[in-house]
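Accompanying notes for the structure given below.
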Amino acid sequence: MKVVVTRKFPDSIINPLRDKYEVVMWEYEDKVMPRDLLLKESKDADALLVNLTDDINDELYEQSPKLKVVSTMAVGYDNIDVAGAIERGIKVGHTPNVLTDATADLTFALILASGRRLIEAADVIRRDEWKSWAPFYLTGQEVSHKTIGIIGMGRIGEAVAKRAQGFSMNILYHNRSRKREAEETLHASYVTFDELLERSDYVVLLAPSTPETKKMMGYEQFAKMKKSAVFINTSRGTNVDEDALYEALKTNEIYAAGLDVFDKEPISADHPLLKLPNVTALPHIGSAALETRMKMAQMARDHIIEGLEGRDLAHEVN
């Protein structure tokens with residue numbers, strides 16, 4: 001059987017597949033496998049090990065009659081036509097739970113960096129512009145004892161709330177359904193979406209990517225936030241209207257933003273948001289802790305083996 005791997009992985013991850021199957025692996029870790037090559041290699045493939053940059057759609061399914069498993073090294077799977085896979089009996093695996101703490105850590109790093117203007121401050125030294133101490137130079141917003149509003153109280157949302165407790169923050173949250181246990185253990189208060197926006201000093205977006213959440217943060221929503229509020233997004237870039245965010249930041253409708261995700265990735269250095277000093281931008285590294293990424297890679301690999309051996313996947317989307 002043949003397995004196609006769309007990015008270069010360490011030998012320790014891939015060798016268990018090579019021991020069992022023919023493996024065709026793209027030679028680069030940091031470059032997308034060309035679409036025409038993916039389609040060519042998939043024609044006689046039994047399994048695909050992909051990531052969130054690969055478009056796994058009906059075009060690919062139609063010309064891949066042997067395909068049995070699609071395993072993505074990601075929690076999200078909006079790049080995969082899951083309904084089309086189910087229709088054809090193809091198993092789809094993803095990597096939930098394992099990246100919760102790494103993403104929560106990164107989210108809180110963005111809260112601190114954006115609120116306290118850490119990137120701006122570091123750049124002052126890099127540009128040799130630090131000449132003297134000044135009473136109000138590079139002052140930012142405190143984090144301790146402030147109100148954090150978490151949109152999407154899933155595993156990562158709860159992990160962010162735990163970290164917020166350590167900063168003695170007042171925790172608000174909005175979710176499709178109330179989380180009574182989280183309210184008790186994390187002392188979090190359930191509020192409406194609008195109330196969260198109006199009351200929070202730090203608005204943290206952790207909602208999944210769905211048709212309902214597409215551009216859920218737009219002109220109207222940013223206008224409801226405090227002028228001193230900081231917006232953080234470590235969910236999906238498609239959940240935000242970037243034009244509205246740009247205007248809110250440029251006109252000081254809100255204080256700052258910390259972003260790990262964007263509508264269309266990767267972005268380039270000329271992206272409008274990068275021209276604003278009150279934006280902290282990262283290249284989608286929410287789960288980029290070595291230990292976490294290795295666990296994700298192992299999980300994605302194991303889903304391939306499970307599926308090709310006719311077993312249920314440990315974490316099957318469908």
Side-chain angles (χ1 to χ4, degrees), residues 1-99 209 236 264-266 283-318:
M1 288 187 278
K2 177 181 174 181
V3 178
V4 175
V5 183
T6 64
R7 293 292 176 105
K8 184 178 181 181
F9 281 79
D11 287 341
S12 61
I13 298 296
I14 296 301
N15 283 343
L17 294 177
R18 290 192 177 115
D19 291 341
K20 294 173 175 285
Y21 317 112
E22 174 194 354
V23 175
V24 175
M25 183 167 66
W26 178 233
E27 60 184 316
Y28 298 104
E29 179 187 349
D30 59 345
K31 295 180 182 178
V32 177
M33 187 178 196
R35 179 69 177 175
D36 58 348
L37 182 60
L38 173 59
L39 291 174
K40 176 185 174 184
E41 294 294 352
S42 299
K43 285 183 178 180
D44 60 346
D46 296 271
L48 303 179
L49 201 168
V50 304
N51 63 69
L52 51 81
T53 60
D54 300 309
D55 188 11
I56 309 303
N57 58 14
D58 190 66
E59 178 191 24
L60 185 145
Y61 294 147
E62 281 296 310
Q63 55 102 69
S64 307
K66 293 178 61 183
L67 194 60
K68 303 174 184 67
V69 187
V70 175
S71 178
T72 181
M73 185 182 151
V75 175
Y77 42 84
D78 42 299
N79 60 307
I80 300 172
D81 178 1
V82 176
I86 293 173
E87 185 179 319
R88 294 168 174 82
I90 300 169
K91 296 178 181 292
V92 178
H94 67 141
T95 59
N97 309 334
V98 68
L99 51 67
S209 175
R236 282 289 187 267
K264 293 181 176 59
E265 298 180 357
H284 205 147
I285 58 169
S287 64
L290 180 59
E291 301 90 338
T292 298
R293 288 286 173 87
M294 287 298 288
K295 289 176 184 175
M296 292 171 69
Q298 291 164 5
M299 189 182 296
R301 175 204 64 201
D302 290 347
H303 289 154
I304 296 287
I305 297 172
E306 291 161 356
L308 292 184
E309 290 183 351
R311 294 184 278 140
D312 292 335
L313 310 190
H315 302 91
E316 189 168 341
V317 175
N318 51 337

Please tabulate, for side-chain N and O atoms in residues 28-40, each donor-acceptor pair with protein atoms closer than 3.5 Å (sequence neighbours left out).
from: R35; atom 1: NH1; to: D55; atom 2: O; distance (Å): 2.4
from: R35; atom 1: NH2; to: N57; atom 2: OD1; distance (Å): 2.8
from: R35; atom 1: NH2; to: E59; atom 2: OE1; distance (Å): 3.0

Is any side-chain heavy atom of [X] closer than 4.5 Å to a side-chain heavy atom of [Y]?
| X | Y | result |
| --- | --- | --- |
| S42 | L67 | no |
| V4 | W26 | no |
| L17 | M25 | no |
| I80 | V317 | no |
| D312 | K91 | yes |

Problem set entry | Main-chain N/O of A314 paired to E306 side chain as donor or acceptor, under 3.5 Å |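 Indeed, once roles are kept as given, a pair shorter than 3.5 Å links the two residues.
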Problem set entry | Sequence-distant partners of T6, side-chain hydrogen bond (donor to acceptor under 3.5 Å, both in side chains), two or more places apart |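 Counting only residues at least two positions away or on another chain, T6 forms a side-chain hydrogen bond (donor to acceptor under 3.5 Å, both in side chains) with D54.
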For this session: Go through the structure and list residues passing side-chain hydrogen bond (donor to acceptor under 3.5 Å, both in side chains) with D44, not counting sequence neighbours.
Result: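 Expected list: K2.
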Can you tell me how far apart [atom1] ([X]) and [atom2] ([Y]) are? Round to the nearest 0.5 Å.
| X | Y | atom1 | atom2 | answer |
| --- | --- | --- | --- | --- |
| D46 | K66 | CG | NZ | 4.0 Å |
| M1 | L308 | CE | CG | 4.5 Å |
| I14 | K8 | CD1 | NZ | 11.0 Å |

Testing the basics here: between [X] and [Y], what is the closest heavy-atom pair and its distance to 0.1 Å?
| X | Y | answer |
| --- | --- | --- |
| S71 | I304 | CB-CD1, 3.7 Å |
| T95 | T72 | CG2-O, 3.7 Å |
| Y61 | I90 | CD2-CD1, 3.7 Å |

Problem set entry | Worked check of side chain to side chain contact (heavy atoms under 4.5 Å, CB included) between F9 and L49 | CA-CA 10 Å; F9 281 79; L49 201 168; 3.6 Å; yes
For this session: Give a yes or no on whether a salt bridge exists between K20 and E309, defined as a side-chain N under 4.0 angstrom from a carboxylate O.
Result: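 Looking at K20 and E309, the cut-off is met.
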Side-chain polar contacts of residues 285-300 - donor-acceptor pairs under 3.5 angstrom, sequence neighbours left out - could you list them?
from: S287; atom 1: OG; to: R293; atom 2: NE; distance (Å): 2.8
from: S287; atom 1: OG; to: R293; atom 2: NH2; distance (Å): 3.2
from: R293; atom 1: NE; to: S287; atom 2: O; distance (Å): 3.4

For this session: Only pairs at least two apart or in different chains count here, so list each ring-ring contact (aromatic ring centres under 6.0 Å, His included) that has a residue in residues 295-318.
Result: H303-H315
Seminar exercise, completed: residues 73-90 vs salt bridge (Lys or Arg N to Asp or Glu O under 4.0 Å), sequence neighbours excluded, gives D58-R88, E62-R88, D78-R236
